[in-house]
Amino acid sequence: MVGGHQNADIDCVILAAGPGSRMLDLLTGGGGPGSSAVNAKCMLPLAGVPLIYYPLKLLQSNGFKSAILTVPDSIKTDVSKVLDKYKLEIKVDIVPIPMSKEWATLDTLRHIQDKLTARDTLLLSCDLITNASLKEVVDFHRSRASGLTVLLNKPVADLKAQVTPGSKTTKYKIERDLIGLSRDSLCLFQAEADVEDRIHISSKLLHSQPNFTIHSNLQDSHLYVINRNSLEEHLLNKGMSTVKGELVPRMVANQFKKKTSFNNNSKDLGIGDTNGGVIEERPATLYSLQTSEPRTKCYAMTTDLPTIRVNNIPNFWLAYKLIKGGQLLPQLSTFLTSSKDETANVDEKCHHADTSFGAKCQVSGKTTIKQSAIGASATIGEKLKITNSVIMDGVKVASIVNITDSIICEGASIETGCEL
């Protein structure tokens, strides 16, 4: 059982040290690296709260009492303030990651490996927002004695048909995966970008699973439950650096091979060899929950509930609209769409609806603001209209301005008479 008063022998890890390279226009205000703006993807405000709030609240609402959170070393203090400001009750171990080393996701897991002591590890990205139940995912994982369980989701919208704020010349590449499923058994996992003309399917896979379907319309949510013993084996392979691109495909492929075992003696590990040290072979099988042996079977749980990764500007805009519309996180819709910080100064003659106001923002009278988010320390002039837009921290908007369906990046100034 998950929930209750403790994490029931599972470590929750949120990976939040990524640089957000696909969202630089939002992180730097369009001014390029070094601009005075949001300095980390996990602190990017979405619907009035930092992005990191969502996975923490997701874990808390599913009954988890503690989590390990990896963040850029430069913002550890800022993240601590988020926990206090939004009164999150979950106990968080914030681990700073040295950004100068440019670690990938598996490098980060190696860094915190000593903290992973539970039977399973629940791993999720800081940009995941979902209505799916994490408790159900963990229960699914354990009911099948799975080595790896992946949460899959169906796209919530067609990004090609969506109008996204920003330059019309910018092309956003849609990432797709080729996922082979035999019912809920995960047989194949490859990024479409890694496939050229044809998909290689091994004879061992076909022998084990002669009938399975390859899907291209399912998305990897970047939420994984991994057996700790299985994870530790793969962390020994220093030749792998990423969870999504290397660990998951390797674990899926390895379940159809004879399993490689590692000895705890470092002399036998062959750490300099990317294949590790081969001590013995045993056939892949389904292990008991009580055994210390690594489990090899891989499964996928597919959710029909709204799920999105805020990893690019179109998804940022889509998530904002879904949250404002109540389709995403409906249980938080009142808090997220109508929250007003106690230090916000909003003139009584300002007409507003479904709008959040950040700390120390100044909003003049004779204004109309609907379905929008006003960032901290933003200054909003009079006689203007803002609709369905995101005004980030420190923005200055002069009088007689009309802003619709727009994202105004941190520190920007909008002059009198502008229409966006």
Side-chain angles (χ1 to χ4, degrees), residues 11 13-19 21 68 70 95 97-116 120-126 141 146-151 175 177-180 186-196 199-200 202 204-205 220-282 284 293-300 311:
D11 292 314
V13 179
I14 301 174
L15 297 176
S21 57
I68 300 169
T70 64
V95 181
I97 301 301
M99 300 307 290
S100 60
K101 295 187 177 182
E102 298 183 347
W103 284 347
T105 47
L106 276 182
D107 300 317
T108 296
L109 289 180
R110 292 186 184 99
H111 181 64
I112 64 171
Q113 187 173 356
D114 290 345
K115 297 177 180 289
L116 306 179
D120 295 301
T121 300
L122 172 61
L123 187 65
L124 65 158
S125 173
C126 79
H141 172 83
S146 175
L148 167 70
T149 298
V150 177
L151 178 65
E175 296 182 353
D177 297 305
L178 302 177
I179 299 171
L186 184 58
C187 309
L188 181 74
F189 190 98
Q190 292 185 15
E192 186 182 56
D194 296 335
V195 178
E196 296 181 356
I199 303 173
H200 173 72
S202 70
K204 292 181 180 179
L205 166 55
D220 171 23
S221 70
H222 284 223
L223 186 150
Y224 315 105
V225 187
I226 309 174
N227 169 248
R228 177 172 59 87
N229 294 318
S230 301
L231 177 61
E232 286 181 343
E233 277 201 354
H234 289 282
L235 289 179
L236 291 170
N237 184 348
K238 300 296 181 64
M240 294 197 302
S241 60
T242 64
V243 174
K244 164 66 182 285
E246 295 172 286
L247 175 63
V248 174
R250 178 72 62 88
M251 293 187 71
V252 171
N254 280 1
Q255 64 184 321
F256 304 110
K257 301 176 182 178
K258 287 186 177 181
K259 182 62 183 170
T260 301
S261 177
F262 294 88
N263 189 298
N264 289 330
N265 189 332
S266 61
K267 293 181 180 180
D268 295 326
L269 292 176
I271 291 178
D273 181 353
T274 58
N275 292 321
V278 179
I279 306 304
E280 62 181 18
E281 291 186 337
R282 59 182 181 271
E293 294 281 356
R295 288 179 255 140
T296 60
K297 292 296 185 181
C298 301
Y299 293 88
N311 61 344

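Keep in mind that what you see is a predicted model, and the values were worked out from it rather than measured.
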So that I can tick it off, tell me whether Asp220 and Lys244 are bridged by a salt bridge, with the cut-off set at under 4.0 angstrom between side-chain N and carboxylate O.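 Salt bridge: yes.
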Identify, with sequence neighbours excluded, every residue that meets side chain to side chain donor-acceptor pair (under 3.5 Å) alongside [X].
| X | answer |
| --- | --- |
| Glu246 | Ser241, Thr242 |
| Ser202 | none |
| Ser125 | Asp127 |
| Glu192 | Arg176 |

Rounded distance [0.5 Å steps], [atom1] in [X] versus [atom2] in [Y]:
| X | Y | atom1 | atom2 | value |
| --- | --- | --- | --- | --- |
| Leu106 | Leu247 | CG | CG | 5.5 Å |
| His141 | Asn227 | NE2 | CG | 6.0 Å |
| Met240 | Leu109 | CE | CG | 10.5 Å |
| Arg228 | Leu235 | CZ | CG | 11.0 Å |

Residues Leu116, Val13; criterion side-chain contact (heavy atoms from CB on, under 4.5 Å); working and verdict: CA-CA 9 Å; Leu116 306 179; Val13 179; 3.7 Å; yes
Nearest heavy atoms of [X] and [Y], plus distance in Å:
| X | Y | value |
| --- | --- | --- |
| Cys298 | Gln255 | N-OE1, 3.0 Å |
| Met251 | His234 | CG-NE2, 3.6 Å |
| Thr105 | Val243 | OG1-N, 2.8 Å |
| Arg250 | Asn237 | NH1-ND2, 3.2 Å |
| Arg295 | Asp120 | NH2-OD1, 3.3 Å |
| Val95 | His111 | CG1-CD2, 3.9 Å |

Under the rule for side-chain contact (heavy atoms from CB on, under 4.5 Å), what residues qualify as partners of Thr108, not counting sequence neighbours?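 With sequence neighbours excluded, Thr108 shows a side-chain contact (heavy atoms from CB on, under 4.5 Å) to Leu15, Thr70, Ile97, Trp103, given in chain and number order.
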Could you tell me whether the side chain of [Y] reaches within less than 4.5 Å of the side chain of [X], counting heavy atoms only?
| X | Y | value |
| --- | --- | --- |
| Ile199 | Leu178 | yes |
| Thr149 | Tyr224 | no |
| Val150 | Val225 | no |
| His222 | Leu124 | no |

Are the side chain of Thr121 and the backbone N or O of Leu123 linked by a donor-acceptor pair below 3.5 Å?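 Between the backbone of Leu123 and the side chain of Thr121 there is no qualifying donor-acceptor contact (under 3.5 Å).
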Using a 3.5 Å distance criterion without hydrogens, assess whether the side chain of Asp177 forms a donor-acceptor pair with backbone atoms of Ile179.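 No, the answer is negative, given that no donor and acceptor are paired below the 3.5 Å cut-off.
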Among residues two or more places apart or on two chains, list those pairs meeting salt bridge (Lys or Arg N to Asp or Glu O under 4.0 Å) that have a residue in residues 97-113.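 Non-adjacent pairs meeting salt bridge (Lys or Arg N to Asp or Glu O under 4.0 Å): Asp107-Arg110.
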Asp194: what forms a salt bridge (Lys or Arg N to Asp or Glu O under 4.0 Å) with it, not counting sequence neighbours?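 Expected list: none.
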Start with the C-alpha gap between Thr296 and Asn254, add the side-chain angles, then the distance that decides, and say whether side-chain contact (heavy atoms from CB on, under 4.5 Å) holds. CA-CA 7 Å; Thr296 60; Asn254 280 1; over 6 Å; no
